[in-house]
Amino acid sequence: MIDLCRPAVEVAPDLLGWQIAAVGAAGRIVEVEAYEPDDPASHSFRGPTKRNDVMFGPPGRLYVYLIYGIHLCANVVVGSPGRGSAVLIRAIEPVAGESVMADRRGIERPTSLGSGPGKLCQALGITMAHNGLDLLNANSAVHLIEPTVATSSPIVAGPRIGITKATDRPWRFGLVESKHLSRRFV
DNA sequence: TGCCCGATTAACT
DNA sequence: GTTAATCGGGCAA
């Protein structure tokens with residue numbers, strides 16, 4: 001078990017290759033982004049609120065929020081407890097329950113099942129009701145599974161996507177060889 | 001109380 | 001390449 005109580009920037013790349021399991025489906029994490037407490041692009045930047053409350057809770061919890069009034073995004077709370085660090089899961093590649101994922105997504109194409117933060121939430125059936133779940137507990141409806149074999153796939157870093165602040169921080173990490181990235185790394 | 005805008009996606013041209 | 005869809009948080013008044 002890796003130590004989640006480290007800065008998001010350190011934990012984020014370590015989360016690549018992990019599996020995220022939900023009801024009826026599971027995927028392998030191939031793309032993430034790090035968000036730090038002193039990061040203007042982070043929800044935790046302005047301190048605790050009703051929405052970001054779980055970000056300030058213990059590491060290993062699931063932080064779910066609504067974006068653009070339409071899509072959900074899933075984050076893993078990390079860092080020192082109560083500081084407000086998190087790692088956004090941006091893309092997964094299907095490992096199990098692909099038909100269930102395709103069903104929830106309403107599409108067929110395997111590479112479109114989890115190639116985006118909103119997409120993977122939909123594919124895994126993650127909702128606001130899952131906010132605050134303990135991702136390290138195998139009994140949780142949504143939980144993480146550490147890879148048994150260390151990932152040897154090359155990892156790339158690049159600027160984060162879709163933010164307007166702190167755009168210069170290269171805190172997006174991904175497995176280059178994956179065909180399930182939300183976007184290519186340049 | 002009201003207004004603006006976003007860690008996105010899919011359907012357009 | 002462009003844009004609509006859609007809603008809760010954060011900030012101003």
Side-chain angles (χ1 to χ4, degrees), chain A residues 4 7-13 15-16 18 20 25 27 29-57 59 61-79 83-94 101-133 135 142 144 156-175 178-186:
Chain A
L4 293 179
V9 188
E10 287 182 30
V11 180
L15 250 24
L16 295 171
W18 283 53
I20 178 165
I29 301 174
V30 296
E31 184 184 335
V32 295
E33 278 179 6
Y35 287 88
E36 300 286 2
D38 63 345
D39 176 3
S42 174
H43 285 179
S44 61
F45 185 62
R46 299 165 209 277
T49 66
K50 193 174 180 183
R51 172 173 65 156
N52 66 23
D53 193 48
V54 339
M55 280 186 85
F56 292 90
R61 303 283 263 275
L62 176 66
Y63 169 46
V64 186
Y65 68 89
L66 182 69
I67 187 66
Y68 294 113
I70 301 188
H71 302 287
L72 294 171
C73 293
N75 303 250
V76 182
V77 177
V78 300
R83 297 242 0 257
S85 298
V87 174
L88 168 69
I89 303 175
R90 284 197 56 88
I92 60 172
E93 58 181 47
M101 296 173 78
D103 217 44
R104 287 173 175 149
R105 296 268 299 111
I107 54 140
E108 309 269 317
R109 220 165 133 248
T111 53
S112 297
L113 254 26
S115 57
K119 296 178 184 178
L120 85 255
C121 281
Q122 188 181 17
L124 294 176
I126 294 176
T127 68
M128 287 304 295
H130 297 107
N131 194 29
L133 274 185
L135 288 167
V142 181
L144 292 172
V156 259
R160 291 175 293 180
I161 296 176
I163 55 170
T164 56
K165 298 159 195 157
T167 50
D168 56 319
R169 306 187 191 187
W171 290 351
R172 173 182 178 231
F173 305 92
L175 302 179
S178 178
K179 296 183 173 121
H180 301 257
L181 298 173
S182 63
R183 288 194 205 173
R184 290 288 179 74
F185 282 84
V186 281

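Order of the sequence lines fixes the chain letters, A, B, ..., with proteins taken first and strands second; residue numbering starts at 1 for each chain.
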Checklist entry - In whole Å, what is the span from the NE2 atom of H43(A) to the P atom of dC11(C)? => result 12 Å
Checklist outcome for this item: Which of dC7(C), dT6(C), dG10(C) is nearest the side chain of N52(A)? It is dG10(C)
Next on the checklist: Tell me whether the side-chain N/O atoms of T49(A) come closer than 4.0 Å to OP1 or OP2 in dG10(C).
Outcome noted: yes
Item to check | Upstream residue (5' side of DNA chain B) when S112(A) and Y63(A) are each assigned their closest nucleotide | outcome: Y63(A)
Checklist entry - In terms of side-chain heavy atoms of Y35(A), which of dT8(B), dA7(B), dG10(C) is nearest? => result dA7(B)
Checklist entry - Just wondering, do L72(A) and I126(A) contact through their side chains at under 4.5 Å, heavy atoms? => result no
Checklist entry - How is R51(A) classified with respect to the nucleic acid when contacts are heavy atoms under 4.0 Å: base, sugar-phosphate, or nothing? => result sugar-phosphate
Item to check | d(CE, M128(A); C1', dG9(C)) in whole Å | outcome: 12 Å
Next on the checklist: Could you check whether any side-chain heavy atom of P159(A) comes within less than 4.5 Å of a side-chain heavy atom of T167(A), counting everything from C-beta outward?
Outcome noted: no
Item to check | Pairing string, 5' to 3', for DNA chain C - Watson-Crick or wobble contacts under 3.5 Å, brackets [ ] where pairs cross, | to another strand | outcome: |||||.||||||.
Next on the checklist: With a cut-off of less than 4.0 Å, is there a side-chain N or O of K119(A) near OP1 or OP2 of dA10(B)?
Outcome noted: yes
Item to check | Integer-rounded Å distance: dG9(C) C1' and N131(A) CG | outcome: 14 Å
Item to check | OP1 or OP2 of dT9(B) under 4.0 Å from side-chain N/O of R105(A) | outcome: no
Checklist entry - Does the dA7(B) base have a donor-acceptor partner in the side chain of Y65(A) within less than 3.5 Å? => result yes
Checklist entry - Does the side chain of F173(A) come within less than 4.5 Å of V87(A)'s, by heavy atoms? => result no
Next on the checklist: Distance check, P atoms only: dA7(B) and dG1(C), in whole angstrom units.
Outcome noted: 22 Å
Item to check | Test item: V32(A) and R90(A) side chains (from C-beta on) under 4.5 Å apart, heavy atoms | outcome: no
Checklist entry - In whole angstroms, how far is the C1' atom of dT8(B) from the CZ atom of R160(A)? => result 16 Å
Item to check | Pair R172(A) + E31(A): basic N to acidic O under 4.0 Å | outcome: yes
Next on the checklist: A side-chain contact here means heavy atoms from C-beta on lying under 4.5 Å apart; do Y63(A) and N131(A) qualify?
Outcome noted: yes
Checklist entry - Cut-off 3.5 Å, side chains only: do R105(A) and Q122(A) have a donor facing an acceptor? => result yes
Next on the checklist: Of the options dG6(B), dT9(B), dC11(C), whose atoms approach the side-chain atoms of R46(A) most closely?
Outcome noted: dC11(C)
Item to check | From I89(A), N75(A), L135(A), residue fulfilling side chain to side chain contact (heavy atoms under 4.5 Å, CB included) relative to L62(A) | outcome: L135(A)
Item to check | Value in whole Å for how far the P atom of dA7(B) lies from CD1 of I70(A) | outcome: 15 Å
Checklist entry - Considering only the C1' atoms, how many Å lie between dA10(B) and dG8(C), rounded to the nearest integer? => result 22 Å
Checklist entry - Expressed in angstrom and rounded to an integer, what is the separation of I67(A) atom CD1 from dC5(B) atom P? => result 14 Å
Checklist entry - Between Y68(A) and dG6(B), do the rings stack, that is, sit under 5.5 Å apart with planes less than 30° off each other? => result no
Next on the checklist: Check the phosphate of dT8(B) against R90(A), side-chain N and O only, distance under 4.0 Å to OP1 or OP2. Yes or no?
Outcome noted: yes
